[in-house]
Amino acid sequence: MKQIDGGITAVPGVRAAGVHAGIKAADTKDVALIVTDTPAPAAGVFTKNSVTAAPVIVCREHLSDGRAQAVIVNSGNANACTGEVGMANAQQMAASTAAQLGIDADLVLVSSTGVIGQQLPMDKIENGIQAAASALSPEAGADAAEAIMTTDTHPKSVAVEIEIRGTPVRIGGIAKGSGMGAPNMATMLSYLTTDARINPQTLQTALNRVVDDTYNLLTIDTDRSTNDTVILLATGHANNVDIVAAAGENYEMFCEGLQFVCTELVKMLARDGEGATKLVEVQVIRAKNRSDAENAARAVAESPLVKTAIFGNDANWGRIMMAIGKSEAEFDPYQVNVYLENYQLVKDGMDAGYDENRATALLAQDSVLITIDLCAGDTEITMWTCDYSYDYIRINADYRT
């Protein structure tokens, strides 16, 4: 496996665009369009928030046959909690995009991200769709990555080339998300492309599996968005033997590549959390089962007390013990060990006699790994989050103003 440039447009058969339509106040790109040369096998995973945005409902309907050819995305407005008008606007986004591309509207998937509760400025949306269709290019993946951002400080994009029995296969992806990030698909959006030859059912199974081990293990602030969406399109331009079942070496190789792309995007999302100064990885090992591992990791990753201590470079390990204790995971508190990187803070549930200066130095890095050994089984899991800084409050207090 090797990383390559180009993001979603590193994949043959994919064109993209990102343009400024004036939806956001700043003079920045706010409409993205991703198009495959022909209708492609497609898969999607969406928010489980019961307050569901209109574009998510449209996407689910249009993906019912497992095929799509285009994705239209706007940032700056979530089109959530907008009633019948919002639904009609989401459907109109699909219809207008289809008209520009000369394809059926059912082949167009729709996403929106931004402020909840406001109607889309459809005149600007229409102009943006037209401009994006005119700007489509096999080199414009970076423009699309920029156009889907809201409070993100930078675009997020990655691509790899893997080999499936000697045949090169490419997988690319972009993502946005900085706040309101606790996917359970599961304002996080991600678009993935591949040239693998794979049928829609197997593609969906692969995406479900990878999402569970990546996006669903990301948390910024515990808040699950109304718009969370992950979409995967497969152009079929590679010459690999068709992947027709969710089993076997070819399928596993594909999943490995997809897992790498999504993991890298998740790390970028966590590192760019609103006001974040550090990427934080919380690894739980030797848990009794998957549920206990995830509950313990999530309790630590989502604890405001842990996250603020990390921001302050304070090795206050008591907060970590408190968090795993409230998680309802099964373990013996006096067998727990906690590490920063490979440096032990807690031994058998008590102070390990660590050096405060060394622990402070480890926490001062821009990437922090916390490992929690529950000594209760053989299951492990990693979650990704970030610290809480003063800027998190400033950004969210001023979000609409």
Side-chain angles (χ1 to χ4, degrees), residues 1 3-16 18 32-37 39-47 56 59 62-63 66-73 109-111 113 138 140-142 144-145 147-148 155-162 164 169-177 183 185-186 188-218 227-238 240 243 246 251 253-269:
M1 184 187 305
Q3 285 194 249
I4 56 176
D5 295 330
I8 52 173
T9 50
V11 171
V14 177
R15 292 175 296 153
L33 179 59
I34 305 164
V35 179
T36 57
D37 288 347
V45 186
F46 304 95
T47 183
V56 171
C59 272
H62 288 194
L63 270 177
R67 300 186 72 78
Q69 192 171 352
V71 184
I72 184 69
V73 190
L109 307 179
V110 182
S111 294
T113 181
I148 66 176
K156 299 160 184 71
S157 177
V158 66
V160 297
E161 185 173 277
I162 62 175
I164 297 179
V169 171
R170 292 188 170 193
I171 304 171
I174 60 174
K176 66 82 50 182
M185 299 173 301
M188 188 215 76
L189 304 176
S190 183
Y191 307 99
L192 306 160
T193 58
T194 181
D195 58 357
R197 298 175 62 88
I198 183 170
N199 65 40
Q201 295 78 16
T202 306
L203 192 70
Q204 184 68 60
T205 301
L207 184 62
N208 290 345
R209 165 177 158 175
V210 169
V211 162
D212 274 346
D213 288 335
T214 56
Y215 295 106
N216 280 347
L217 296 178
L218 164 71
N227 294 57
D228 286 335
T229 296
V230 179
I231 289 170
L232 172 57
L233 303 170
T235 67
H237 283 299
N240 63 286
I243 304 172
Y251 174 74
M253 286 298 300
F254 176 75
C255 287
E256 183 179 333
L258 186 62
Q259 175 93 20
F260 179 87
V261 168
C262 293
T263 299
E264 291 303 301
L265 289 171
V266 163
K267 289 180 180 180
M268 294 177 196
L269 292 167

Undergrad: Hey, could you give me the CD1/CD distance between I34 and Q69, rounded to the nearest 0.5 Å?
TA: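 Nearest 0.5 Å value for the CD1-CD distance: 13.0 Å.
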Undergrad: How long is the gap from CG on D212 to CG on L217, to the nearest 0.5 Å?
TA: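 Atom-to-atom, D212:CG and L217:CG are 7.5 Å apart.
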Undergrad: If every non-hydrogen atom of I162 is compared with every non-hydrogen atom of M253, which pair is closest and at what distance?
TA: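 Taking I162 first and M253 second, the nearest heavy atoms are CD1-O, 3.5 Å.
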Undergrad: Please answer whether the main-chain N or O of P12 pairs with a side-chain N or O of T235 as donor and acceptor at a distance below 3.5 Å.
TA: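 Judged by distance alone, yes, a pair lies under 3.5 Å.
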Undergrad: V158 versus M268: any side-chain heavy-atom pair under 4.5 Å?
TA: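 Yes. Closest side-chain heavy atoms under 4.5 Å.
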Undergrad: When you compare the side chain of I4 with that of R170, does any pair of heavy atoms fall below 4.5 Å?
TA: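 Yes; the side chains approach each other to less than 4.5 Å.
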Undergrad: Checking side-chain hydrogen bond (donor to acceptor under 3.5 Å, both in side chains) for the pair T202/N199: CA distance, chi angles, key distance, verdict?
TA: CA-CA 6 Å; T202 306; N199 65 40; 2.8 Å; yes
Undergrad: E161 and V169: side chain to side chain contact (heavy atoms under 4.5 Å, CB included), yes or no, with the steps?
TA: CA-CA 6 Å; E161 185 173 277; V169 171; over 6 Å; no
Undergrad: So if I apply the side chain to side chain contact (heavy atoms under 4.5 Å, CB included) rule between L189 and each of I174, I231, V230, T113, which one comes out positive?
TA: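 Single side chain to side chain contact (heavy atoms under 4.5 Å, CB included) partner of L189 among I174, I231, V230, T113: T113.
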Undergrad: Would you name the heavy atoms of L269 and K176 that are closest together and state the gap between them?
TA: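 Closest pair (atom of L269, atom of K176, distance): CD2-C, 3.4 Å.
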Undergrad: Does T194 form a side chain to side chain contact (heavy atoms under 4.5 Å, CB included) with F254? I'd like the steps, not just the answer.
TA: CA-CA 10 Å; T194 181; F254 176 75; 3.6 Å; yes
Undergrad: Out of curiosity, E256 CD to I164 CD1, how far, rounded to the nearest 0.5 Å?
TA: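 E256 atom CD to I164 atom CD1 measures 10.0 Å (nearest 0.5 Å).
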Undergrad: Hey, does I243 have a side-chain heavy atom less than 4.5 Å from the side chain of R197?
TA: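 They are not in side-chain contact.
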Undergrad: Please report the closest heavy-atom contact between A159 and A10, naming both atoms and the distance.
TA: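 Minimum heavy-atom separation between A159 and A10: CB-CB, 3.8 Å.
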Undergrad: Give the C-alpha distance, both sets of side-chain angles, the deciding distance and a yes or no for side chain to side chain contact (heavy atoms under 4.5 Å, CB included) between Y215 and V210.
TA: CA-CA 8 Å; Y215 295 106; V210 169; 5.8 Å; no
Undergrad: Check whether any side-chain heavy atom of V14 lies under 4.5 Å from a side-chain heavy atom of D37, and answer yes or no.
TA: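 Not in contact.
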Undergrad: A32 and I72: which non-hydrogen atoms are nearest, and at how many Å?
TA: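 Between these two residues, the closest heavy atoms are O-CD1, 3.4 Å.
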Undergrad: About how many Å separate SG of C262 and CG of L207, when rounded to the nearest 0.5 Å?
TA: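 Between L207 CG and C262 SG, I get 7.0 Å after rounding to 0.5 Å.
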Undergrad: Does T205 reach the side chain of Y251, with side-chain heavy atoms less than 4.5 Å apart?
TA: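 Side-chain contact under 4.5 Å: yes.
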Undergrad: Side chains of S111 and Y191: is there a donor and an acceptor less than 3.5 Å apart?
TA: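 On atom types as modelled, these side chains qualify, holding a pair under 3.5 Å.
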Undergrad: How about V11 and I171: do any of their side-chain heavy atoms sit closer than 4.5 Å?
TA: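 No - every pair of side-chain heavy atoms lies 4.5 Å or more apart.
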Undergrad: Of the non-hydrogen atoms in A40 and T36, which two are nearest, and what is the gap between them?
TA: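 The answer is CB-OG1, 4.0 Å.
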Undergrad: Do L63 and F46 come within less than 4.5 Å of each other through their side chains, counting heavy atoms only?
TA: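 Yes, their side chains come closer than 4.5 Å.
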Undergrad: Apply side chain to side chain contact (heavy atoms under 4.5 Å, CB included) to L232 and Q204, showing your working.
TA: CA-CA 8 Å; L232 172 57; Q204 184 68 60; over 6 Å; no
Undergrad: What's the spacing between D195 CG and N240 CG if we round to 0.5 Å?
TA: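 The distance works out to 7.5 Å.
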Undergrad: For L192 versus L258, what's the shortest heavy-atom pair and its separation?
TA: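 Taking every non-hydrogen atom into account, CD1-CD1, 4.0 Å.
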Undergrad: Any non-hydrogen side-chain atom of T229 less than 4.5 Å from a side-chain atom of S190?
TA: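 The answer is no, as the side chains (C-beta and beyond) never meet within the 4.5 Å cut-off.
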